[in-house]
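Predicted model only: the values in this text are computed from it and were never measured. Counting convention: from 1, in listed order, for ligands and their atoms alike.
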Amino acid sequence: MNKCKISGRPLNKIFDFGKQPLGNGFITKKNFINEYFFKMVVGFCNESKMFQLYFQPSPNKMFHKNYAFYSSTSKHMKIHFRNFFKTLIKHKALKSKDAFIVEIGSNDGIMLKNFASKNYKHLGIEPSANVAKIAKNNQINTRISFFNNETSNFILNNYGKANLIYAANVICHIPNIKNLFANIKKILKNEGIFVFEDPYLGDVIKKTSYDQIYDEHVYLFSIHSIKYLASLYNLELFDAKHQTTHGGSMRYYICHSGNYKPLKSIQKYLSHEKKLGLDNFKKLKKFKINIDKSKFELVALLKKLKKKGKIVAGYAATSKSTTILNLCNINSELISYISDTTKDKQNKYSPGMHIPIKNYDYFKNNYPDYAVLFAWNHQKEIFKKEKDFIKKGGKWIIFVPKVKIV
Ligand code: TYD
């Protein structure tokens, strides 16, 4: 039986995506034959309120020396992290001059460089060697490892407890999240805070953005589930702030229980989530109906365009797109190529469906009739950048919150 990774109770099945490859598993032709697939099913626990994958590939399969996600590829994300930094340094927990900061999953140092440039004592923990190397080359103190018992002991022995531990789009990737919370409890100073942000279940349900579900996203958090999880370790969720990044995220503020007064935001979000049905498996079942509808409409639209002889390309080979393409069985007959700015993805093929990945110049020189906006979470930035595509007669296809041509 599949059990909740937090409460140990049986999970209630929400959606079965069937066989899925790794979201970031961009692949060369010679490796098609060895491609890795896993059974992707999501479920919900009525006790912990945690929305989660039944099974996930081992983290070593996902975060390794060839990990293809570089945080600094988006201008908008750079600004977001700069603002996140500015908010964090104002907090009481960072008052002391020798405050020590730990980032879990520091990637290429996009966020930690703000602390480094102000001479904060800091340490980034990053398991993917290729991205960590970029941070190291930029003088950002980085340790190439997972955040686990060994790393926590290393931190305690070499740096002492932390004033601030933070993470962005990382905590939901960690299957053994109970162990993570136990280690946070251990290495967080008495007055310290643990702040993290991840895609928010509330947005996924509201917008039917089911593409947020892929191997790396073991969990989709809510205020309900994080409150429950923190309480198991005598930690407390005392504030939360909704973010527009990654198609809608939530930033959670956690302290040792009783050390900061819970703010009104918590009660406000709890009521909001009850209305959305995020605390209740029965209400969440509607998500399945919405996914099926979205899938049907996207495939029907692409087939119609193919029949008319239109050329359709994909814009941005996001990890999220892997779920869409594989669930909807969309291959290079329906989408001729996907353009992406990340070098490591270019000249490879999309996971599972093997659509060719081209560089950005290819898109500029071969405008399709339609482009499917896989990076819909960067819509504003992209639409602004791609005015010429529209001028030359191109059209966008979006699928969140509804499938349509814009
Ligand atoms: P993101 O939505 O952050 O991806 P994910 O679903 O993987 O979390 O988008 C990152 C990918 O999108 C990355 O491969 C670069 C690509 N991209 C472009 O090709 N062009 C763009 O203008 C943007 C913003 C992203």
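Residue nearest to atom 11 (C) of ligand 1, selected from Asp340, Asn377, Ile357: Asp340 (by heavy-atom distance). Nearest to atom 20 (N) of ligand 1 by heavy atom, out of Phe26, Phe363, Tyr315, is Tyr315.
Set against the non-hydrogen atoms of His378, the atoms of ligand 1 under 4.0 Å away are 1 (P), 2 (O), 3 (O), 9 (O), 24 (C). Every atom of ligand 1 is numbered from 1 in the order shown, and the set under 4.0 Å from a heavy atom of Lys345 is 13 (C), 14 (O). The atoms of ligand 1 that sit less than 4.0 Å from any heavy atom of Ala316 are 12 (O), 16 (C), 17 (N), 18 (C), 19 (O).
Both the backbone and the side chain of Thr341 come within 4.0 Å of ligand 1, counting heavy atoms alone. With a 4.0 Å heavy-atom cut-off, ligand 1 is reached by the backbone of Lys320 and by its side chain too. Neither the backbone nor the side chain of Met77 has any atom closer than 4.0 Å to an atom of ligand 1 (non-hydrogen atoms only).
The pair Glu150-Arg143 meets the salt-bridge criterion, since a charged nitrogen lies less than 4.0 angstrom from a carboxylate oxygen.
For the salt bridge (charged side-chain N to carboxylate O under 4.0 Å, His left out) test, no residue two or more places apart in sequence or in another chain qualifies with Asp369. Checked against salt bridge (charged side-chain N to carboxylate O under 4.0 Å, His left out), Lys274 has no partners two or more places apart in sequence or in another chain.
At a 4.0 Å cut-off, at least one heavy atom of Lys385 sits close enough to ligand 1 to count as contact. The shortest heavy-atom distance from His246 to ligand 1 is under 4.0 Å.
When the shell of 6.0 Å around NZ of Lys293 is examined, it contains 12 or fewer heavy atoms from other residues, nucleotides or ligands. More than 12 heavy atoms of other residues, nucleotides or ligands lie within 6.0 Å of NZ in Lys121, so this atom counts as buried by the packing criterion.
At a 3.5 angstrom cut-off on N or O pairs, Ser319 counts as close to ligand 1. No N or O atom of Glu381 sits closer than 3.5 Å to an N or O atom of ligand 1.
At least one test fails for Lys39 against the ring of Phe55: distance under 6.0 Å to the centre or angle within 45° of the axis.
Taking the six-membered ring wherever Trp is involved, the centroid distance between the rings of Phe51 and Tyr219 does not fall below 6.0 Å. Annotation: Tyr166 is in aromatic contact with Phe115 [ring centroid separation under 6.0 Å].
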